[in-house]
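One structure is given here, and the rest of the page talks about it.
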There are 2 protein chains.
Amino acid sequence: MREPPAVTNDICFCPLFGLLDVIAKKWALLIIAILGNEGEKGFNDLKRELGCISPKPLSDTLKNLERIGLVNKKIMETSPPTVKYSLTSDGRVLREHLIPMLVWISERGGQEIPGCPIRTGIHQERINQPG
Amino acid sequence: MREPPAVTNDICFCPLFGLLDVIAKKWALLIIAILGNEGEKGFNDLKRELGCISPKPLSDTLKNLERIGLVNKKIMETSPPTVKYSLTSDGRVLREHLIPMLVWISERGGQEIPGCPIRTGIHQERINQPG
DNA sequence: CCGTATCCGATAGGATACTG
DNA sequence: CAGTATCCTATCGGATACGG
């Protein structure tokens, strides 16, 4: 990115970029939305609910979300070890802001993709339950 | 993207992707936020306010936002012609959902970038005025 | 079950120069 | 002023195979 504006009077959005660089991506937003449902989820739970994501972008996104403190990863010492992802408290706050936006987007209607068992919109009850 | 899930019981997020593919990017979100301030803006107004964006991504993003009906482009037949970008009514609705999220993000604090005249947060009055 | 490794294609996005 | 053109790099993200 080019040097930020030098003049002090200018507004600079850099304070937003630490988070925006991670969450302003479709998978990240959906993961935050989904993680608030029904408590903790495993890697493959998420993969299944997202429907069409490859393991690599899911893994990458989860690591980034964990790094910036929105997602918590818990490893239980069972055998085999059980892994559970959940939102941190910050993640839950962010989600509260995010959900109305996603609901509106889904209600406005999106792209129809051939072969997709499309819904008229996201089922609000699926993304609006307390985490 | 891989084929969406075939089983009807599965949730599919495809309805979200038409919009998400465009707006789930840092520049798009900031442009929607800024365009709601102080009425219409020209290309270089936006460029200046965004602070560190190259003309190509700005041009690309504006075209995408216009294509999906969130941004309106008006060309006035002055000489030289005057171009003004503004939010459509849908764009304004989306922005209403977006702003609280951006404000929270900026208040939580982001990345400190060397050379950036960083603020403790976005000035809420700058992104919260009626469009 | 939970990923990592690898490879690959598509695209976001930056720098710069230039045009009407 | 409002972009377009060109080139380039980085990264997003998919597919598949594999390992703990």
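Just so we're on the same page: letters track the sequence lines, and every chain starts at 1.
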For B:E40, the side chain to side chain donor-acceptor pair (under 3.5 Å) test, sequence neighbours excluded, returns B:K74

Options [options], nucleotide nearest the side-chain atoms of [X]:
X     : options               : result
A:P55 : D:dA17, D:dT4, C:dG14 : D:dA17
A:F43 : D:dC1, C:dG13, C:dC2  : C:dC2
A:N44 : D:dG14, C:dA17, C:dC1 : C:dC1
B:S59 : D:dC1, D:dT4, D:dG13  : D:dT4

For [N], does either OP1 or OP2 sit under 4.0 Å from a side-chain N or O belonging to [X]?
X     : N      : answer
B:K41 : D:dA2  : no
A:K56 : D:dA17 : no
B:Y85 : D:dC1  : no
B:S54 : C:dG13 : no

Once you round it to whole Å, what is the distance between [atom2] of [N] and [atom1] of [X]?
X     : N      : atom1 : atom2 : value
A:L29 : D:dG13 : CG    : P     : 10 Å
A:L50 : D:dC12 : CG    : P     : 17 Å
B:I31 : D:dA2  : CD1   : P     : 14 Å
A:D60 : C:dC7  : CG    : P     : 16 Å
A:E40 : C:dC2  : CD    : C1'   : 16 Å
B:K47 : C:dG14 : NZ    : C1'   : 11 Å
A:L58 : D:dA15 : CG    : P     : 14 Å
A:I23 : D:dC12 : CD1   : P     : 14 Å

Rounding to 10 degrees, work out the angle separating the end axes of the helix from C:dC1-D:dG20 to C:dG20-D:dC1 (five pairs an end).
50°

Work out which heavy atom in [X] is nearest to a heavy atom in [Y]; give both atom names and the distance.
X     : Y      : result
A:A28 : A:V22  : CB-O, 3.3 Å
A:G91 : A:I32  : O-CG2, 4.3 Å
A:I68 : B:R108 : O-NH2, 2.9 Å
B:L35 : B:K41  : CD2-CB, 4.2 Å

DNA chain D nearest-nucleotide lookup for A:P80 and B:K84: closer to the 5′ end is B:K84

For A:I31, the option from A:L87, A:L70, A:L50 that meets side chain to side chain contact (heavy atoms under 4.5 Å, CB included)
A:L50

Residue whose nearest DNA chain C nucleotide is more 5′ - A:K73 or B:N64
A:K73

Lys/Arg-Asp/Glu bridge criterion (N-O < 4.0 Å) met for A:K63, A:D60:
no

Go through the steps to decide whether A:W27 and A:L62 satisfy the test side chain to side chain contact (heavy atoms under 4.5 Å, CB included), and finish with yes or no.
CA-CA 10 Å; A:W27 290 130; A:L62 285 171; over 6 Å; no

